[in-house]
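Input: a single structure, listed below in structure tokens.
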Amino acid sequence: MPKIRFPEGFLWGAATAAYQIEGAVEEDGRGPSIWDTFSHTPGAVINGDTGDHACDHYHRWEKDLDLLSDLGVGSYRFSVAWPRIVPTGSGAINAKGLDFYDRLVDALVDRQIQPMVTLYHWDLPQGLQDVGGWVNRDTTDRFVDYVRAVHDRLGDRVPYWLTLNEPYCSAIVGHLEGRHAPGIRDEAKAVTAIHHLLLAHGKAVQALRADGVTGKVGITCNLTSPHPASENAADLDAAARLDLHENRMFLDPLFRGSYPDDAAAHYKGVTDFPFVQDGDLETISEPLDFFGINYYERHLVTTDPADPVRGWTRVPDPKPTTVGIGVHPEGLREVLERVSADYTDLPLFVTETGICLHDYVDPEGQVKDDERVEFFDSHIRAAHQAIQNGVNLAGFFPWSLMDNYEWAWGYAYRFGMYYVDYATQERIPKRSAQWFSKITRANGID
Ligand code: IFM
């Protein structure tokens, strides 16, 4: 294999999110979020797992930052828990919540690791859900209040801000599929939530700029690379509709200031977009400094005979991973090239990609996650190929720094480069951590 070198200054990182690692859900004034409610709802999460304790990162954060130093990363992508800052979602700011992230950011700066802060990674304060959550337009303004408070405290030391993580999941998985909090199954509400999430993003970008933000501002979307199962018109059409649903409903408003041309026809009978007000799309398409992409899935798709007008069916992958999706590094290259060709020449960051395995500690005390090493190797090569093909890719952040609370899959599924023994909270470097620490130091693969 040839040596693969990344451009000088390429940012290697690692990613986590607040509810997935912090625990300490009742400490220092934190209020409940929709994920506290959802995870405590019987039947919602495998084994009834909750994020009550998670990786106990709230108490162990200093040692966890040492793991980042061991990995040799230049950046750490973490999220701020909105309910720690505004416990009920509106009203008074909780200074103790800000204190926690203030200490974290200081310690990262001391270690010469650049903070990349995600402002919303799914933990909406329950108080806002009680009045409609993302289906209520008012939530967009409450998000701005919260963002300003975080920026006010951390803005002098944060070089990268991400407004939202994966609005698709918040809107579609949370409001149409009901598999994530708030557990709603209503397509009109899901499309309304898409709009309000994007609007909250745009308003937050404007507020950060008005408040003199010095860091770069972006958003992270999870994107897929849908392929038709055949060249039949019906399959081509199904792939185009899946692409609308998963990708274009987010990319078009963000970068073109409009919903896709085929959206009105696709959602006919569901919604005619009454929630879009004058000026919203200008706000949503406020220019950004960079764009974050999370990539996990490629998707081979065929038409759904039961619903050929609006439906599609994903063809099962011949070599499924633990969670039933295949490993397709070429899909990452396709996504990067597509965004760069069709939407923006802004710097792109892979803010997440990763593989979930049932890792275990062997009798020698090691975690040999060779499949994860292979996964990262192939995806890093695909990212490098995208750069060779002209994509302005500026960084790569594996998901995840350590095993954590994998939402509706609880703790049964592991994504980390560090193994977490949840009984003792010991962190054990997996082979992937050892491997990745060589990549970050070499700025490439030998
Ligand atoms: O764990 C999640 C993360 O919170 C968002 N992106 C996908 C990851 C793996 O499922």
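When a ligand or atom number is given, it counts from 1 through the structure's own listing order. What you see is a predicted model; the values in this text were computed from it and never measured.
Judged by the 6.0 Å and 45° rule, R137 forms no cation-pi pair with F275. Taking the ring centre of Y58 as origin, the terminal cationic atom of R84 falls inside the region bounded by 6.0 Å and 45° from the ring axis.
At most 12 heavy atoms of other shown residues, nucleotides or ligands fall within 6.0 angstrom of atom CD in E371.
Residue Y296 places a heavy atom less than 4.0 Å from ligand 1.
Contact check on D289 versus R209 returns a salt bridge, with a Lys/Arg side-chain nitrogen under 4.0 Å from an Asp/Glu carboxylate oxygen. Between D252 and R256 there is a salt bridge, since a side-chain N of the basic residue sits under 4.0 Å from a carboxylate O of the acidic one.
Comparing heavy-atom distances from atom 4 (O) of ligand 1 across Q20, E406, H180, E166 singles out Q20 as nearest.
Considering both main-chain and side-chain atoms, W407 comes within under 3.5 Å of ligand 1 through a nitrogen or oxygen pair. Residue H121 has at least one N or O atom closer than 3.5 Å to an N or O atom of ligand 1.
Closest to atom 6 (N) of ligand 1 among all protein heavy atoms lies E352 OE1, 2.5 Å.
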